[in-house]
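Note sheet for the following structure.
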Amino acid sequence: MSDHKVTVDQLPNGKWACFLHVTGHDEPINLGREFKNDEQAENWLNVSESVTAIEMMLRKYKK
């Protein structure tokens, strides 16, 4: 079973962002990019930049 998942959620400013949810860490972690719509955010998850961001955050927050 995976110890993390990624979701796409709308921000208070109306933009969309990808969030990393790590087991053992209470708050979702914003992966640092904002998008005009949820489709753009989901598409970003298919590029290598998102994989790098996820790996960096996992190393930072994993215990």
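Heavy-atom minimum distance, A41 versus C18: O-SG, 3.5 Å. In this structure, T7 and H21 approach most closely via the heavy-atom pair OG1-NE2, 2.8 Å. When all heavy atoms of D9 and F19 are compared, the pair lying nearest together is OD2-CD1, 3.7 Å. In plain terms, the two heavy atoms of L58 and V22 that are nearest each other are CD2-CG2, 4.0 Å.
Contacts classified as ring-ring contact (aromatic ring centres under 6.0 Å, His included) and involving residues 31-56 (residues at least two apart or in different chains) are given here: F35-W44. Within the structure, salt bridge (charged side-chain N to carboxylate O under 4.0 Å, His left out) pairs that include any residue of residues 31-57 comprise R33-E49 (at least two apart or interchain).
Criterion: ILVMFWY side-chain heavy atoms under 4.5 Å apart, direct or through other members. Under it, V47 and V51 are not part of a common hydrophobic cluster.
Between the CD1 atom in I29 and the CG atom in L20 there is a gap of 5.0 Å [rounded to 0.5 Å]. Atom OG1 of T23 and atom NZ of K5 lie 9.5 Å apart (nearest 0.5 Å).
H25 is linked by a ring-ring contact (aromatic ring centres under 6.0 Å, His included) to Y61, counting only residues two or more places apart in sequence or in another chain.
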